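Chain identifiers are assigned alphabetically (A, B, ...) following the order of the sequence lines, protein sequences preceding nucleic acid strands; residue numbering begins at 1 within each chain. Keep in mind it's a predicted model, so treat the numbers as computed, not measured.
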Number of protein chains: 2
Amino acid sequence: MPGRKAKGAPWWQGRFRGYGYRMTVPREAIVGVLSETSKHLSAEDIFLEVHKVYPSIGLTTIYRTLELLVQMGLVFKFDFGDKRARYELAEGPKGKRHHHHLVCIGCDTVIDYTDFIDEEIELLGQTEKGLSKKFNFKITNHLIQFYGLCKRCQNKK
Amino acid sequence: MPGRKAKGAPWWQGRFRGYGYRMTVPREAIVGVLSETSKHLSAEDIFLEVHKVYPSIGLTTIYRTLELLVQMGLVFKFDFGDKRARYELAEGPKGKRHHHHLVCIGCDTVIDYTDFIDEEIELLGQTEKGLSKKFNFKITNHLIQFYGLCKRCQNKK
DNA sequence: ATGAAAATGAAAACCATTATCAATAAAGAT
DNA sequence: ATCTTTATTGATAATGGTTTTCATTTTCAT
Ligand SMILES: [Mn+2]
Ligand SMILES: [Mn+2]
Ligand SMILES: [Zn+2]
Ligand SMILES: [Zn+2]
């Protein structure tokens, strides 16, 4: 099992350095938290989690670091309709993991899905091409979210 | 030209009454503003517009009425990434006009498009069906936005 | 016209996010 | 290991869109 617990420098350190940023304890901790969850955390969520291990790290730093991470393309920032921004690691050591979301309007649960991406990619590509031509609009990104009721919430009176 | 300037009760009054809400001057004015634009107005935009005719109507009422309208399904509320919510009439007398958006990250312009390309329709149907089955998720709505550069912003410097 | 209930406006409160700024810590040079 | 530069941090205050509060006004069925 190569490298499994080797404790070498985490893969993202090079990313920071590449951008000319310093590697710090708070940054390490924040990316650490994000890399250990599949949830869509708010700044405060992350703050609370980081706080357990480093009580001295402030919420301001969480916000600042998240902005950096978004700028670097390491983190996605989403708005699911509750008032807070939600953050999620954009990629792991294995590469990108672009995906779309199912948002339950009953319990605010967010489901990631990558399953249908493959079939979607083809159609998405064509859609984007068509729009680009029709409106002379250079598409760089897209946001696709489906809203509805999750299994649990469908069975609630 | 049947009914063109007939000045009969606007079509949305019945909607308010149907929900048990009263018809008031501010509500009339707010829907009026929304029905005369194709832009995506913020609460303040609407306030300013209404203010020209009814200087006594306050911003609070704008917010309250917009929330009502969204609840009634008469108005869509969007978040395009600037900090303010944007509102847009969901339908006219002729029915729904569901559409998607192209958002320019250069000038914040938002382009509506309703003439979905075949690929997009297929993409949506296929995706929604697959997702519903796989996750047992009842999809009721979707949000699709493409981000990029509009024609003008592509030709800047 | 009357009166109960709904709706409004002014002001204060909310609250996620940002800006400020003095203190601290990272990293290259010595 | 120490020094030096300067990015980074944390406490605090400020911001700004949106909500709450509550006394006053308006709607509309009677
Ligand atoms: Mn996700
Ligand atoms: Mn629109
Ligand atoms: Zn749910
Ligand atoms: Zn533009």
Rounded to whole Å, please give me the gap between [atom1] in [X] and [atom2] in [N].
| X | N | atom1 | atom2 | value |
| --- | --- | --- | --- | --- |
| K77(B) | dT18(D) | NZ | P | 7 Å |
| I62(B) | dG17(D) | CD1 | P | 15 Å |
| L41(B) | dG17(D) | CG | C1' | 16 Å |
| Q71(A) | dT18(C) | CD | C1' | 14 Å |
| F16(B) | dC28(D) | CZ | P | 11 Å |
| L68(B) | dA6(C) | CG | C1' | 11 Å |
| E28(A) | dA27(C) | CD | P | 11 Å |
| D45(B) | dG17(D) | CG | P | 11 Å |

Subject >> Given F80(A), Y113(A), F76(A), the one that forms ring pair (Phe, Tyr, Trp, His ring centres under 6.0 Å) with H101(A) >> reply: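 Passing option: F80(A).
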Does [X] have a side-chain nitrogen or oxygen under 4.0 Å from the phosphate oxygens OP1 or OP2 of [N]?
| X | N | result |
| --- | --- | --- |
| Y63(A) | dT17(C) | yes |
| R27(A) | dA26(C) | no |
| K83(A) | dG17(D) | no |

Original post:
Between E91(B) and R15(B), is there a side-chain N and carboxylate O pair less than 4.0 Å apart?
Top reply: yes
Counting side-chain heavy atoms from CB outward, which of [options] is closest to [X]?
| X | options | value |
| --- | --- | --- |
| R64(A) | dT18(D), dC22(D), dT20(C) | dT20(C) |
| P26(A) | dG10(D), dT27(D), dT18(C) | dG10(D) |
| T24(B) | dA7(C), dT9(D), dT17(C) | dA7(C) |
| Y21(B) | dC28(D), dG10(D), dA7(C) | dA7(C) |

**OP:** Check every strand shown and say whether R84(A) touches a base, only sugar-phosphate, or nothing at a heavy-atom separation below 4.0 Å.
**Re:** sugar-phosphate
Original post:
Less than 3.5 Å between a donor and an acceptor, one on the side chain of T60(B) and one on the base of dA11(C), is that the case here?
Top reply: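 Looking at the base of dA11(C), it does pair with a donor or acceptor on the side chain of T60(B) (distance under 3.5 Å).
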Subject >> Evaluation steps, side-chain hydrogen bond (donor to acceptor under 3.5 Å, both in side chains), between H142(A) and H98(A) >> reply: CA-CA 10 Å; H142(A) 61 248; H98(A) 180 81; 3.0 Å; yes
**OP:** Identify the nucleotide, in any strand shown, that forms a Watson-Crick or G-U wobble pair with dT30(D), with both distances under 3.5 Å; if there is none, say none.
**Re:**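 In the structure as shown, dT30(D) has dA1(C) as its Watson-Crick or wobble partner.
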**OP:** Give a yes or no on whether F78(A) and I144(A) share a hydrophobic cluster (residues Ile, Leu, Val, Met, Phe, Trp, Tyr; joining criterion: side-chain heavy atoms under 4.5 Å apart).
**Re:** no
Original post:
Ignoring hydrogens and geometry, is there a side-chain-to-backbone donor-acceptor pair from R86(B) to L41(B) under 3.5 Å?
Top reply: no
Subject >> Nearest-nucleotide comparison on DNA chain C, the residue closer to the 5′ end among R22(B) and I57(B) >> reply: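 In this pair, the answer is R22(B).
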Original post:
Which sits closer to the 5' end of DNA chain D, R86(B) or S56(A), going by the nucleotide each is nearest to?
Top reply: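 Nearer the 5' end of the strand: S56(A).
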